[in-house]
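On a predicted model such as this, the values are computed, not experimentally measured, just so you know. Residue numbers begin at 1 in each chain, while the letters A, B, ... track the order of the sequences.
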Protein chains: 2
Amino acid sequence: MTTKKATIKDVAREAKVSIASVSRVLNGLGGVTAETQDAVRKAAARLHYVPDNAARSLITGRTHTIGAVLPDLYGEFFSELIRGIDLAARARGLHLLVSSSHDGVDDAAAAVRTMRGRVDGMIILSEFVDGAFLEQNVPADLPVVLLDSPVDNPRYPAINMDNIAGAQAMVKHLLDAGHGSVAFVTGPAGNYDAQEREKGYRAAMARFAPKAPLTIVAGDFTEESGYRAGRELLAQATRPRAVFAANDMMAVGCLYAFKEAGVRVPQDIALAGFDDILIARYVTPSLSTVSVNIADLGKSALLLLTELMEGKGRLDGPHTRTLRCDVVARESCGAPQTNVATKHPPALV
Amino acid sequence: MTTKKATIKDVAREAKVSIASVSRVLNGLGGVTAETQDAVRKAAARLHYVPDNAARSLITGRTHTIGAVLPDLYGEFFSELIRGIDLAARARGLHLLVSSSHDGVDDAAAAVRTMRGRVDGMIILSEFVDGAFLEQNVPADLPVVLLDSPVDNPRYPAINMDNIAGAQAMVKHLLDAGHGSVAFVTGPAGNYDAQEREKGYRAAMARFAPKAPLTIVAGDFTEESGYRAGRELLAQATRPRAVFAANDMMAVGCLYAFKEAGVRVPQDIALAGFDDILIARYVTPSLSTVSVNIADLGKSALLLLTELMEGKGRLDGPHTRTLRCDVVARESCGAPQTNVATKHPPALV
DNA sequence: CGGCGGAACGTAAACGTTTTCATCAAAACT
DNA sequence: AGTTTTGATGAAAACGTTTACGTTCCGCCG
C-alpha cells in the first residue's frame, strides 16, 4: 500500500530471475519454462506490478496511442466523430489522446507539436492545415490522416465526405418534390465542408433548374445564424419554395424563424439540412437532411491510420477516400419519407 | 526533412555546448549566458527539435496528461462532460487521454491499469468502481477524482450532482402545478444516479403527497425503454397526471408514446425529464427537466484533480462535493416556464 | 597576492524498460 | 564418448531526457 511502486527489478528479485526473463514472460515472447513463467506471474501479481509506459515507449519508440486533433468538442458532430475513432482505436488496443479548441494556426501548430513522442499517429481535422503546415509541424516519420481537408498530398491521406454529391442529391430531391425554387444558407467562409456543399448546391441548380433564381444567404453553422437567415429569407420579395441549409443546426434555426412567423413547414416552405444530427429526428416537423454517418468517418480514419502505421507510411490504395452521403427525407421536405432509420437512435455498439 | 529525428545531443553538437546547457535553456532554468541561450535556440530551431516526451516523463515522473475513464462516449451527457474536462485541462496545459466503453469490471480495471505511467491523475466515472477496485488498480500515489460515485473515501474525492434534491424539486414542481399523481420511470438498476433520483422521487412524494399512489415503472435510460414505459403507463387503469422520467432520453420516449396514442402533453398528462440535454429544448412540446450543467461537472472534476496533484494528495476541503441541480420548466410540465435559458444553445466558450 | 565564492558549463548517473549477445546446461546427434 | 544443436537464462547496452555534482574561470575581499 505505502510501497513506492514496483519496477521490473522488484519483480525479478521477488521471482528470483533476471529482469530479462520477466520482460519475456510479461510480453509473451516465449523461450521461458512454464515454471519460470508461473513464478514471474505470481511475483508480478503479488507486487501489483504494472509496467511503466514511459520507459517502455522510450525504448520501443511506440506509444500505442494515437492523437486526435480537432477544432472543438462541442456539438454532436465532434462527439460522434470522436466516438467512432475511440471505438475503433480501442478495438485495436490503442489509446486516444485528444486535443481540441484551437483558436488559430499557432494554437493548432502547438497542439500538433506537443504530441511528438506521445503518439504513434495522428488524425487531424482542422481548417488550418495545409501542406506547409504539416511539413513544418509533423515529424517526417509520423503517420497522419486528414479529415475533411482539401490537402491532396500522398504523404497525408485524407478522408472526406462527399459533400458535393450529397448537396446535389438533396437539391435534386427538393426540386423533384415540386419545389421550384431552392434557397441556400451557407456555412462559415473558411470551412471546407461548407464550401463544398455550396458547390454542390450551385451545380445542382445549374443542372436541374437552370432558369430558377439562385438565392444564397450567409450563415456560420450556428443555430443563431440559421435563425437570422430564416428571417432574412421570409423578408424577401419573392420567398423561395424550399430552403437548404448547409448544416442541421442552421436548418433548425430556420425552422424556429418560420414557426415564429407562422409559416408552415413543409406546406408553405420546405426545409432541409445537412449532417443528420440527432436533433434532426426530434424537431417538429422532423428534419430532412443529408446523412454522413459521422462515427463511420472516424472509424475509417482510424483504420486508414493503422494501415499507415503498419505499412510504415506506404499506402496501397489512393491517398484520398470519400465517404458516401445519403439523403434522408423526413417530414420537413414535404416528400414521401425515405431512408429514415428506426425511430430510435442507433444501438450503443 | 529526411533526417531521422533530432535529439538533444544533436542540438548540443550543433550549438557547440553540452546537453545539460541545452536542457537548461529549453526549460528556462537560468544559469546560462544570453549568447549560449541564443546559440541553443537557433540550433534547436534549425533542427526542428522537439523534446521526446517519453524520455522526459521517464525521468521526471510527470506526463502532463490526465486520464478520463468513462463508460461510453455516446450521447450528449458524455460529450458535454468530456468537453468540460478538456477545456479546463487545456487551460492548464494538460493533455487528455480518454478511455471509454467498458463492458465489465475487468474491462474497466484494464483501462485504469494501462494508464499507469501515462497520466498524472485520473477522472473516473464508472459504475464498477468501489473502494476495493481502486485499491487494487490505482497506484497508491496517483491522484484520482471520482464522478457520480457513492464511494466515500478521503483518498478518492468525488463530485456528484445533487440528484436527490433535483428530483425532489421537480416532483414538488409537478405537484405544485396541480398534477395530483406523479409516476416515475427508473433508470438502470445498477446506476448510482438513477438510484438517487428514485430516492428523491420517493422522498418528495412521501413529504408532499403522502396519500397519492406511488407509480413506478422500470427503464434503462434509453429512449426505447422510455417509449415502452410510456405505453405501459397509458395502459394502466388509472393514468397518472404527470410522469417524471429519470433522464431526458426516456422522457422523449414517453413523449412519442403519448403522441402516438393521441394523448396531449401537457394538457392530458404532464412530462418531465432529467439532465437537460440539448434535445430537450427542441422536442415539441419542449421538455421540462432538471439541469445539471454537465460541462461544469467536468470542469470541477479537473480543478479538483489539479488541486490534488499539486497538493500531493492532501486536500483542504471536504472530500466530496455536490453540484446544484436546477429545475427548468418548459412546456411539457404545464406550468409557467422558468429558468429557460436563451432560445439558442450556449456559446462555444 | 593568495585564497574564496559564485557563475557558467560539462560529465555522468539515473529513470524503467526492451533487446542483443553471451553463457550454460541439457539434449541430440555422430 | 565427444561434439554439436537447442533452449533457457542472465548481463549489459541502449533509448533521450533531467539533474546532482564537478570543474573551470573570473572577480573580489582580506
As an exercise, state the distance from CZ of A:Arg118 to CG of B:Asn53, rounded to the nearest 0.5 Å. 4.0 Å
Here the gap from A:Leu147 atom CG to A:Asp193 atom CG, rounded to the nearest 0.5 Å, amounts to 9.0 Å
Taking only N and O in the side chain of [X], is any of them less than 4.0 Å away from OP1 or OP2 of [N]?
{"X": "A:Thr60", "N": "D:dC15", "answer": "no"}
{"X": "A:Thr7", "N": "C:dG16", "answer": "no"}
{"X": "B:Asn53", "N": "D:dT17", "answer": "no"}
{"X": "B:Thr33", "N": "C:dC9", "answer": "yes"}

Describe the nucleic acid contact of B:Ser23 in one word from base, sugar-phosphate, nothing, applying a heavy-atom distance below 4.0 Å. base
Closest to the [X] side chain: [options]?
{"X": "B:Ile59", "options": "C:dT17, D:dG10, D:dT17", "answer": "D:dT17"}
{"X": "A:Thr36", "options": "D:dA14, D:dT17, D:dT9", "answer": "D:dT9"}
{"X": "B:Ser21", "options": "C:dC15, C:dT18, C:dC9", "answer": "C:dC9"}

Whole Å only: how far is the [atom1] atom of [X] from the [atom2] atom of [N]?
{"X": "B:Asp10", "N": "D:dC15", "atom1": "CG", "atom2": "C1'", "value": "13 Å"}
{"X": "B:Arg24", "N": "D:dA20", "atom1": "CZ", "atom2": "C1'", "value": "11 Å"}
{"X": "A:Arg13", "N": "D:dA11", "atom1": "CZ", "atom2": "P", "value": "14 Å"}
{"X": "B:Arg56", "N": "C:dG16", "atom1": "CZ", "atom2": "P", "value": "18 Å"}
{"X": "B:Arg118", "N": "C:dT17", "atom1": "CZ", "atom2": "P", "value": "13 Å"}
{"X": "A:Leu47", "N": "C:dG16", "atom1": "CG", "atom2": "P", "value": "14 Å"}
{"X": "A:Asp52", "N": "C:dC15", "atom1": "CG", "atom2": "P", "value": "12 Å"}
{"X": "A:Leu58", "N": "D:dT18", "atom1": "CG", "atom2": "P", "value": "12 Å"}

Would [X] and [Y] pass as an ion pair if we require N to O under 4.0 Å?
{"X": "B:Lys16", "Y": "B:Glu35", "result": "no"}
{"X": "A:Glu307", "Y": "A:Arg321", "result": "yes"}
{"X": "A:Asp38", "Y": "A:Lys42", "result": "yes"}

Of B:Gly31 and B:Ala20, the one whose closest nucleotide on DNA chain C sits nearer the 5' end is B:Gly31
Using the closest heavy atom to pick a nucleotide of DNA chain C for each, name whichever of B:Lys16 or A:Ile19 lands nearer the 5' end. B:Lys16
